[in-house]
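Below is one structure; the comments refer to it alone.
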Amino acid sequence: MWHLYEDVLGDQWRSLIYRKTVNKLRSLPYKVTSVEQIREMYGVGKSLVKMVKEILGTGQLQKLDNLKAQVGEIQVLGSVWGIGAIQARELYKKGFRTVKDLENYSSLTSMQRMGVKYYDDINLRIPRDEVADTEKFVRGVVETLAPGAWVNAAGSYRRGKPTCGDVDILITHPDGSRFTSLRCCTHSSHLHLLCSHQDLLARLGGTQPDMFMGIFHFQGKPYRRIDIKVYPRHVYAFALLAFTGNDVLNRKIRFLARVKFGYKLSDQGLFIRESKKKDVWFTESIPCETEREIFEKLGLDYPEPHDRNW
DNA sequence: GGGCAGCGCAC
DNA sequence: GTGCGC
DNA sequence: GCCC
């Protein structure tokens with residue numbers, strides 16, 4: 001159901017709630033058999049209790065069935081990388097019904113074109129061994145460009161998941177002076193070293209050469225979504241934290257940082273909010289060399305990456 | 001009724 | 001400025 | 001959707 005709200009209805013907040021609730025209930029040590037078990041849960045309100053009640057009683061959810069019928073073929077359009085809820089509706093209005101229909105449509109963005117072309121492959125899960133191999137391979141290439149650089153696969157791989165949806169690689173160099181030469185590893189001229197077919201590597205990201213979002217083809221495996229981001233050493237811990245996630249944990253920490261300390265936490269640092277009358281600005285980041293330091297500054301216990309799944 | 005993180009990029 | 005993905 |  002949360003996919004429906006994400007891909008078609010464009011309601012990210014409902015989507016988030018549904019996703020959180022499903023995982024919350026799933027992670028309970030017992031199977032939910034009665035609404036009494038969830039009625040008091042934080043974040044579970046009237047509507048959700050009602051839905052769970054219906055599911056327990058009838059084994060299905062009318063609201064979901066209605067939505068499915070209503071939404072029909074729009075959902076698959078919205079599940080393409082680069083096509084959101086609004087464009088999905090537009091395309092549907094124009095008569096497109098399947099991903100195949102979009103193959104020869106000229107008015108797609110470059111991201112959408114990639115999303116269409118590799119739709120089936122992108123939707124496959126990636127075994128973590130393959131992510132490890134990819135990380136190793138990228139590390140090897142980066143080493144030739146900037147010896148001594150750090151290369152880490154983040155995302156669900158770092159959280160220990162057995163399979164991943166994409167590959168998320170972070171790069172820095174402990175020697176700040178080498179940072180400039182390091183940034184060039186996201187230039188497509190170098191990135192094509194990572195691919196057997198360089199024409200597939202449509203690079204996104206304009207002026208700043210420190211991020212790559214694209215498609216990666218490796219050792220005859222399916223085409224994979226990959227992000228490669230290069231950060232300066234002094235913000236690396238923040239980037240690692242942000243891109244290890246998961247996103248619900250990020251929201252939680254950022255919320256706490258703001259409410260409890262007046263901080264702003266992002267992949268770029270931990271900033272103190274300063275205000276004078278109406279003006280609000282932020283100081284330079286509080287330095288943290290490791291993720292552990294960030295959690296310390298926020299008065300939190302350090303969670304190992306595999307404990308950051310919800 | 002507003003906030004729910006906040007950003008950079010393509011267009 | 002909007003849509004999108006992260 | 002939930003919480004305030």
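All chains are named by letter (A, B, ...) in the order of the sequence lines, taking the proteins before the strands, and each is independently numbered beginning at 1. Bear in mind the structure is a predicted one, so any value in this text is a computation, not a measurement.
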**Q.** Among dG5(C), dG1(D), dC7(B), the nucleotide that comes nearest once only the side chain of Met213(A) is considered
**A.** dG5(C)
**Q.** Side chain of Gln87(A) (C-beta onward), nearest among dG5(C), dA5(B), dG3(C)
**A.** dG3(C)
Q) Which parts of residues 37-61 of chain A get close to DNA chain B, meaning a heavy atom less than 4.0 angstrom away? A) none
Q: Mind calculating the distance between CZ (Arg14(A)) and C1' (dC4(B)) to the nearest angstrom?
A: 13 Å
Q: With Lys229(A) as the cation and Phe243(A) as the aromatic partner, state whether NZ or CZ is under 6.0 Å from the six-membered ring centre and within 45° of the axis.
A: yes
(Q) Just to be sure I understand the rule, does Leu16(A) reach a base, reach only the sugar-phosphate, or reach nothing, if contact means heavy atoms closer than 4.0 Å? (A) nothing
Q. Which whole-number value in Å describes the distance from Ile17(A) CD1 to dC4(D) C1'?
A. 13 Å
(Q) Categorize Ala242(A) for me: base, sugar-phosphate, or nothing, with a 4.0 angstrom heavy-atom threshold over every strand shown. (A) nothing
Q. Once you round it to whole Å, what is the distance between P of dC4(D) and CZ of Phe255(A)?
A. 9 Å
Q: Send over the distance from Asp267(A) CG to dC6(C) C1', rounded to a whole Å.
A: 9 Å
Q: Would you please indicate yes or no on a ring centroid separation below 6.0 angstrom for Tyr236(A) and Tyr231(A)?
A: no
Q) Please give, in whole Å, the distance from dC7(B) P to Arg258(A) CZ? A) 12 Å
Q | Distance, C1' atom - from dC7(B) to dG1(D), rounded to whole angstrom | A | 25 Å
Q) Only one of Asp65(A), Asn66(A), Thr58(A) clears side chain to side chain donor-acceptor pair (under 3.5 Å) with Gln62(A); which? A) Asn66(A)
Q) Hey, is Trp13(A) doing a stacking thing with dC4(B), by the 5.5 Å centroid and 30° angle criteria? A) yes
Q: Could you tell me how the ring of His217(A) sits relative to the ring of Tyr223(A): parallel (under 30°), tilted (30 to 60°) or perpendicular (over 60°)?
A: parallel
Q: Give the nucleotide from the list dG5(C), dC6(C), dG1(D) with an atom nearest to the side chain of Lys229(A).
A: dC6(C)
Q. When you check the gap from the basic side-chain N to the acidic O, do Glu291(A) and Arg158(A) get nearer than 4.0 Å?
A. yes
Q: Starting at CG of Asp166(A), measure out to CG of Asp227(A) and round the result to the nearest 0.5 Å.
A: 6.0 Å
Q) Taking for each residue the nucleotide of DNA chain B bearing the nearest heavy atom, is the 5' side occupied by Arg113(A) or by Gln12(A)? A) Gln12(A)
**Q.** Transitive ILVMFWY cluster of Tyr42(A), excluding itself - 4.5 Å side-chain cut-off
**A.** none
Q) Considering only the P atoms, how many Å lie between dC6(C) and dC4(B), rounded to the nearest integer? A) 22 Å
Q: Kindly point out which of dG1(D), dC11(B), dC6(C) is positioned nearest to the side chain of Thr109(A)?
A: dC11(B)
Q: Tell me, please, whether Phe218(A) has Arg224(A) positioned over its six-membered ring: NZ or CZ under 6.0 Å from the ring centre and within 45 degrees of its axis?
A: no
Q. In whole angstroms, how far is the C1' atom of dC6(C) from the CZ atom of Arg225(A)?
A. 9 Å
Q) What nucleotide, of dG6(B), dG3(C), dC6(C), holds the atom closest to the side chain of Phe243(A)? A) dC6(C)
Q.
Rounded to whole Å, please give me the gap between CG in Asp11(A) and P in dC2(D).
A. 12 Å
Q. Can you tell me how far C1' of dG5(C) sits from CZ of Phe212(A), to the nearest Å?
A. 15 Å
